[in-house]
Amino acid sequence: MGNTTSTGSLVFDFQHIDKTKLNMVGGKGANLGELSRIDGIRVPDGFCISTEAFKRVINESPPVNELLEQLSLLKAEDRDKITQLSANIRGIIEGITIPREIDEEVSSFLSRFNENNAYAVRSSATAEDLPTASFAGQQDTYLNIIGREAILKHIGKCWASLFTDRAITYRIQNGFDHRKVYLAVVVQQMVFPEAAGILFTADPVTGNRKVLSIDAGFGLGEAMVSGLVSADLYKVSNGHIIDKTISSKKLAIYAVKDGGTKEQEIGPEQQNKQVLTDEQIMQLERIGRKIEEHFGSPQDIEWCLAGDTFYIVQSRSITTLYPVPEVDDQENHVYVSVGHQQMMTDAMKPLGLSFFLLTTPAPMRTAGGRLFVDITPMLASAAGRHTMLNVLGKSDPLIKDALTSIIERGDFLKPLPDDKEEPGFAKSTANAPHRDYETLNDYDPTIVSDLIKSSQTWIESLKQNIRLKSGPDVFDFILEDIQQLKKTSADSPSFGVIMTGMNALSWVNEKMNEWLGEKNAGDTLAQSVPNNITSEMGLELLHVADVIRPYPAVIEYLQQAQDDNFLDGLLQFDGGQQIRDAIDIYLSKYGMRCAGEIDITKNRWSEKPITLVPILLNNVKNFEAGAGSRRFEQGRQEALKKEQDLLARLALLPDGEQKAKETKRMIDLIRNFAGYREYPKYAIICRYFVYKQALLKEAEKLIQANVIHAKEDIYYLGFEELREVVRTHQLDYQMIDKRKEAYKLYEKLTPPRIMTSDGEIITGKYKLEDLPAGAIAGLAVSSGVIEGWARVILNMEDADLEDGDILVTRFTDPSWTPLFVSIKGLVTEVGGLMTHGAVIAREYGLPAVVGVENATKLIKDRQRIRVNGTDGYIEIL
């Protein structure tokens, strides 16, 4: 091809490009260069006009720079201004005469090929096809361009396409600086294909990395990409075609001899013909796997077929796939999301992940900043499968349905011989729920207050002792405390108490339905049970509101409060000291809580008390004095009334005396033990806060020693890594920066409930036959039917609730409980029968439906909805 750098770095041919030249040739250009280097992969010849050429043209045009300055001040909402500025910028760029040296280099390349060949002229932006942002389709592509003049004109059009309304808005929304995104242009010989399409080396719908998915249509691929025609869809796995959908193809786009393209109708005899032969489909699979191996990740590949040859015209990473947990064997695995059990599906930072891993006995894996339990060993035996379906399945039918479909495949998991023992964790899990009622029912009710007391004593001594430690000793001390915690949890009757409460609730629901035809009777019986630390937290915030309510000046001050210094400012007001004391007492008991509290790196209420201000103001506005105590008493009376009603009706049945006696015993178990369900988590979160404060003290020392820039940087290190940094005072900041980038990417992903080691996301379905038309299905966790205005709230701080609104959100962990006092119904995307939101909803008597896929998108803010917490669905009114 001869020398390509006659005037430096303005034009490169594909052979001289690889991924290191991303900044010079943009995402498309770099990928085409890489593809050209793979043995046996055919890429049509071409070259790239580099970003240097674009910069030179823009820098030499003062009017464009002036307009870019104006553009940088706009927000995505300023649509009219964006439209006006973008049209002006494009007009100027398209009118610029291309500088002579660029013209000469392009001409020199064209003369080596054949100037009268047809070319595709495509934009290639530096911020395109990156792992963290897909700018796909943001800039323009021009096909079948013939002749030097036309090619130069379309290079100008490509440059201008960086400033369409859509591209500008996308950059504003994703925080890219218009002045730092540059454009290269790819000029590539046209292939005139009989067929073209897209090949995904992982199934884009399920995420399965072993299934390759091919879209194929007649003519050029543009018709499919632009959505004009339906394509055939073929799925291939391990050398076998596993699925074919032959669609009816009425249109194709073909190139015209003198340049440009045209739509053409397809004759009836060809409309339902398979575009590719089975042999060609298999050939394409081999090409796809080869390209994927070269890039090291699943690819989205554009191909075309001319004669008998497949040409590859583009390949990029698939950015939407959820990462697969890494394992060191080739076996099949099944993973269950921890976030869906813990009501926190947000990404966690490395320190948060490592703490959770230290405190759990389960076999964990991390992927995409989330935790997953590897339940493969439990699914290997009949007893383990039975347990998993009953424990997880009882709580979350979507998980049960997904697991059932994996087990039914038969060939995915290797079953253990029936007599073979299960691994330790599987065994302890398998046995737990099968402990019968008798062994658990002999508990004395005072056991709950004893458990709570001993936990509080331990936390107090932990606070005292950790203060005496510093440096690496802090880490040893924390590890020792965690080991002690694990040991005590295993030996303590704590789990027995929780299971007893849960089993009693299930028993009552089942038997009352069978004997009296009443659904979910236990929901009312679980209202206002004693010793529930989480529901008390919501009611006690009502007491704090009572202290604030008589002082209008303080209320006005709180409405203006912007930051965490508001506490000090209270003292200038009448009643300020008293209010400050009430808030301090509340924080001393609950200040270690926050949204997403299983991630130790999240800001606790004590660290960010401003979080509570909107909720306090809601309580002041929506309630009268004494509402907290009245609310609790009302729930207690309703439970008592329900108990008397059930026992009276049972007494009239055959065997009534015996049935009433058994039921009374179960109701007592619910009343005595159900509240404790929330305590162990509270105890762990209390510890977390003690650990965190000790680690932040070490972070302060690292800042003083110039080892780290900000104390939050320690959140991007694992526990052991942080111990090393404290010991050696050495830190590689590149690693921190890399992890910050990764975390940003993970934040955008939605974790699956269940996934396999193939990356396949298995989604369960609800079995609801008699759903009203148009209703949205979920899991009924707290009975009752309620109508009201939906408030779609993604962050607790944004909660501006009226009394009687229905809260619609992604998930609620215990920190959301203070909002529950203001609402009259609950809808969440994540959750099960025994997750926190469900437990508290029952205790407050709120109808609730959880596990509603995409609830925050399907239900709009301020829509009128009906929540049916008895049968598990929502209707939009």
Side-chain angles (χ1 to χ4, degrees), residues 10-17 19 21-36 42-54 57 90 93-94 98 102 105-106 109-110 113 117-130 133-148 150-164 166-167 170 181-193 196-198 219-226 253 255 259-261 299-304 306 311-317:
L10 294 180
V11 184
F12 298 91
D13 68 25
F14 293 166
Q15 272 67 38
H16 290 79
I17 295 171
K19 59 178 179 287
K21 292 212 166 58
L22 175 75
N23 287 335
M24 303 291 290
V25 295
K28 266 197 197 93
N31 289 352
L32 282 167
E34 287 287 329
L35 284 166
S36 305
R42 299 288 296 271
V43 178
D45 266 339
F47 55 90
C48 272
I49 296 95
S50 75
T51 53
E52 281 304 313
F54 173 79
V57 167
R90 289 200 311 275
I93 293 175
E94 285 186 31
I98 288 187
I102 300 174
E105 269 193 65
V106 170
F109 271 96
L110 287 173
F113 303 125
N117 280 354
Y119 290 88
V121 182
R122 290 194 152 108
S123 317
S124 177
T126 51
E128 175 180 56
D129 298 341
L130 304 181
S134 170
F135 281 71
Q138 293 294 334
Q139 278 78 48
D140 292 347
T141 288
Y142 302 96
L143 299 180
N144 203 18
I145 307 301
I146 298 170
R148 187 183 70 95
I151 288 169
L152 289 171
K153 184 177 135 198
H154 284 88
I155 290 169
K157 277 182 180 288
C158 281
W159 286 339
S161 75
L162 193 58
F163 300 101
T164 59
R166 191 175 57 159
Y170 186 87
V181 178
Y182 305 117
L183 200 79
V185 179
V186 171
V187 178
Q188 187 173 24
Q189 286 198 29
M190 277 285 290
V191 172
F192 296 102
I198 297 168
L220 293 167
E222 303 307 307
M224 264 176 356
V225 175
S226 57
I253 292 182
T261 58
Q299 296 291 299
D300 158 357
I301 299 164
E302 293 173 33
W303 57 269
C304 43
Y311 290 93
I312 303 301
V313 292
Q314 192 44 260
S315 184
R316 59 174 80 86
S317 287

Separation of Tyr170 OH from Thr164 OG1 (nearest 0.5 Å): 12.5 Å
Phe109 side chain near Val187 side chain, heavy-atom distance below 4.5 Å: no
Mind checking what makes side-chain contact (heavy atoms from CB on, under 4.5 Å) contact with Ala160, not counting sequence neighbours? Arg90, Ile93, Glu94
If you compare all heavy atoms of Ala53 against all heavy atoms of Ile102, which two are closest, and at what distance to 0.1 Å? CB-CD1, 3.6 Å
Would you call Val57 and Ile98 a side-chain contact if the rule is heavy atoms closer than 4.5 Å? no
Are Glu302 and Ser315 packed together at the side-chain level, in the sense that at least one heavy-atom pair is separated by less than 4.5 angstrom? no
Looking only at atom types and distance, does a side-chain atom of Ser124 sit under 3.5 Å from a main-chain N or O of Ala184, one as donor and one as acceptor? no
Inter-residue atom distance Asp13.CG - Ser36.OG, 0.5 Å rounding: 8.5 Å
Can you find a heavy atom in the side chain of Leu143 that is under 4.5 Å from one in the side chain of Met190? yes
Any idea which heavy atoms bring Cys158 and Leu183 closest together, and the distance? O-CD2, 2.8 Å
Does Val185 reach the side chain of Val121, with side-chain heavy atoms less than 4.5 Å apart? yes
Distance check, rounded to the nearest 0.5 Å: Asp300 atom CG versus Arg316 atom CZ? 5.0 Å
Could I get the full list of salt bridge (charged side-chain N to carboxylate O under 4.0 Å, His left out) partners for Glu52, not counting sequence neighbours? Lys55
Check the pair Val43, Gln188 against side chain to side chain contact (heavy atoms under 4.5 Å, CB included), reporting the backbone distance first and the verdict last. CA-CA 9 Å; Val43 178; Gln188 187 173 24; 3.7 Å; yes
Can you tell me if Lys28 uses its side chain to pair, donor with acceptor, with the backbone of Ser123 under 3.5 Å? yes
Report the residues that fulfil side-chain contact (heavy atoms from CB on, under 4.5 Å) with Ala30, sequence neighbours left out, ordered by chain and then residue number. Leu22, Val25
Can Phe14 and Val186 be said to form a side chain to side chain contact (heavy atoms under 4.5 Å, CB included), step by step? CA-CA 9 Å; Phe14 293 166; Val186 171; 3.9 Å; yes
Which residues pass the salt bridge (charged side-chain N to carboxylate O under 4.0 Å, His left out) test with Arg148, not counting sequence neighbours? Asp103
Working to the nearest 0.5 Å, report the span between CZ of Phe12 and CE of Met24. 4.0 Å
Does the side chain to side chain contact (heavy atoms under 4.5 Å, CB included) test come out yes or no for Val313 and Arg122, once each step is laid out? CA-CA 11 Å; Val313 292; Arg122 290 194 152 108; 4.3 Å; yes
For Ile146, which residues count as a side-chain contact (heavy atoms from CB on, under 4.5 Å) partner, sequence neighbours excluded? Ala118, Asn144
At what distance, to the nearest 0.5 angstrom, does OG1 of Thr141 lie from CD of Gln314? 9.5 Å
Here the pair of heavy atoms bringing Ile312 nearest to Pro44 is O-CD, 3.5 Å
For Tyr119, enumerate each residue passing the ring-ring contact (aromatic ring centres under 6.0 Å, His included) test, keeping only those at least two apart in sequence or located in another chain. none
Taking all atoms of both residues into account, what is the closest heavy-atom pair of Cys48 and Gly29, and its distance? SG-CA, 3.8 Å
Are any of the side-chain heavy atoms of Val106 and Phe47 separated by less than 4.5 Å? yes
Start with the C-alpha distance between Asn23 and Tyr182, add both sets of side-chain angles, then the distance that settles side chain to side chain contact (heavy atoms under 4.5 Å, CB included), and finish with yes or no. CA-CA 8 Å; Asn23 287 335; Tyr182 305 117; over 6 Å; no
Would you say Asn31's side chain and Glu34's backbone share a donor-acceptor pair under 3.5 angstrom? no
